[in-house]
Amino acid sequence: MKKQWFCKSLKGLNQIARELLEEYSGKSVFALYGAMGAGKTTFVKALCQELGVIENVSSPTFSIINEYKTDTGSRVFHFDFYRIKKIEEAYDIGYEDYFYSGEYCFIEWPEMIEELLPENCVYLKIEEMGNQGERQFLIEK
């Protein structure tokens, strides 16, 4: 199922995040693809805002995973697999406990662990459209 959104500025991110979460309300694992600087972490911040995360959302580049709490007590897991060298590192952090927890999981650089993604994962590609800050958000499967 193909779905796409366009955003001309940061102001539109929360609307896209809200629509994405509504459209895929039965899903909890989201793989975010995009080049360096495409806005993956910024979009995760918008998603977390829409989910009621009460903590500061930041890139887990060095920690690989950040855990956030929402205003309802739920947890949200934010992954960044950019720095892993071997897929075994995902096993070492216990990826299955997170991906199959039923809690939201937002995964940056999923290319590094693609074979481990759950069958019902939502694949979101973020692309810059020109140099004016416009972004395309595309779900192809």
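Keep in mind it's a predicted model, so treat the numbers as computed, not measured. The figures that follow rest on heavy atoms only: side chains count, while hydrogens, waters and symmetry mates do not.
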Visitor: Side chain to side chain contact (heavy atoms under 4.5 Å, CB included) for Val29 and Val122? Distances and angles first, verdict last.
Guide: CA-CA 6 Å; Val29 179; Val122 176; over 6 Å; no
Visitor: How many angstroms lie between atom NZ of Lys45 and atom OG of Ser59, to the nearest 0.5 angstrom?
Guide: 8.5 Å
Visitor: Does any part of the side chain of Tyr68, heavy atoms only, come nearer than 4.5 Å to the side chain of Asn56, both counted from C-beta?
Guide: no
Visitor: Do you know the tightest heavy-atom contact between Ile126 and Ala38?
Guide: CG2-O, 3.5 Å
Visitor: In Å, rounded to the nearest 0.5 Å, how long is the span from CG of Leu116 to CD1 of Ile107?
Guide: 9.5 Å
Visitor: For Lys69, is there any backbone N or O sitting under 3.5 Å from a side-chain donor or acceptor partner on Glu55?
Guide: yes
Visitor: Evaluate Glu128 against Glu134 for side chain to side chain contact (heavy atoms under 4.5 Å, CB included), listing each step before the verdict.
Guide: CA-CA 6 Å; Glu128 286 185 89; Glu134 185 174 354; over 6 Å; no
Visitor: For a side chain to side chain contact (heavy atoms under 4.5 Å, CB included) check, start with the C-alpha distance between Ile113 and Tyr91, then their side-chain angles and the critical distance, and finish with the verdict.
Guide: CA-CA 10 Å; Ile113 53 107; Tyr91 287 101; over 6 Å; no
Visitor: Do Phe79 and Tyr98 have ring centroids that are under 6.0 Å from one another?
Guide: yes
Visitor: Would a distance-only check, ignoring hydrogens and angles, find a side-chain to backbone donor-acceptor pair under 3.5 Å from Glu50 to Ala46?
Guide: no
Visitor: Does one side chain, of Thr41 or Glu108, offer a donor that lies under 3.5 Å from an acceptor on the other?
Guide: yes
Visitor: Do Phe99 and Phe77 make the cut of ring centroids closer than 6.0 angstrom?
Guide: no
Visitor: For Glu127 and Arg135: C-alpha separation, side-chain torsions, deciding distance, then whether salt bridge (charged side-chain N to carboxylate O under 4.0 Å, His left out) applies.
Guide: CA-CA 5 Å; Glu127 286 186 309; Arg135 300 287 192 274; over 6 Å; no
Visitor: Check for me whether the distance between the ring centres of Trp109 and Tyr82 falls short of 6.0 Å.
Guide: yes
Visitor: For Ser58, is there any backbone N or O sitting under 3.5 Å from a side-chain donor or acceptor partner on Asn66?
Guide: yes
Visitor: Roughly how far apart are Phe81 CZ and Tyr95 OH, rounded to 0.5 Å?
Guide: 10.0 Å
Visitor: Just by distance, no angles: are the side chains of His78 and Glu67 close enough, under 3.5 Å, to form a donor-acceptor pair?
Guide: no
Visitor: Report the distance from atom CD of Glu103 to atom OG of Ser28, rounding to the nearest 0.5 Å.
Guide: 8.5 Å
Visitor: What's the separation between atom CD1 in Ile139 and atom CG in Leu124, rounded to the nearest 0.5 Å?
Guide: 5.0 Å
Visitor: Could you tell me whether the side chain of Phe43 reaches within less than 4.5 Å of the side chain of Phe137, counting heavy atoms only?
Guide: yes
Visitor: Met36, Ile64: one ILVMFWY side-chain cluster at the under-4.5 Å cut-off?
Guide: yes
Visitor: When you measure from the side chain of Lys40 to the backbone N and O of Ala35, does any donor-acceptor pair fall under 3.5 Å?
Guide: yes
Visitor: Is any side-chain heavy atom of Cys48 closer than 4.5 Å to one of Val44?
Guide: yes
Visitor: Can you label the angle between the Phe106 ring and the Tyr104 ring as parallel, tilted or perpendicular, going by 30° and 60°?
Guide: parallel
Visitor: Please tell me whether Val57 and Ile54 are part of a single hydrophobic cluster in this structure, the criterion being side-chain heavy atoms less than 4.5 Å apart.
Guide: no
Visitor: Measure the spacing between CD1 of Ile93 and CD1 of Ile84 and express it to the nearest 0.5 Å.
Guide: 8.0 Å
Visitor: Determine yes or no for a side-chain-to-main-chain donor-acceptor pair under 3.5 angstrom, with Gln15 supplying the side chain and Gly12 the backbone.
Guide: no
Visitor: Do the side chains of Cys121 and Phe30 get nearer than 4.5 Å, heavy atoms only?
Guide: no
Visitor: Could you check whether any side-chain heavy atom of Ile87 comes within less than 4.5 Å of a side-chain heavy atom of Glu115, counting everything from C-beta outward?
Guide: yes
Visitor: Pairing donors with acceptors under 3.5 angstrom, does anything connect the side chains of Glu114 and Tyr33?
Guide: yes
Visitor: According to a 4.5 Å side-chain heavy-atom criterion applied to Ile, Leu, Val, Met, Phe, Trp and Tyr, with indirect links allowed, do Leu32 and Leu138 form part of one hydrophobic cluster?
Guide: no
Visitor: Cut-off 3.5 Å, side chains only: do Trp5 and Glu19 have a donor facing an acceptor?
Guide: yes
Visitor: How about Arg75 and Thr70: do any of their side-chain heavy atoms sit closer than 4.5 Å?
Guide: no
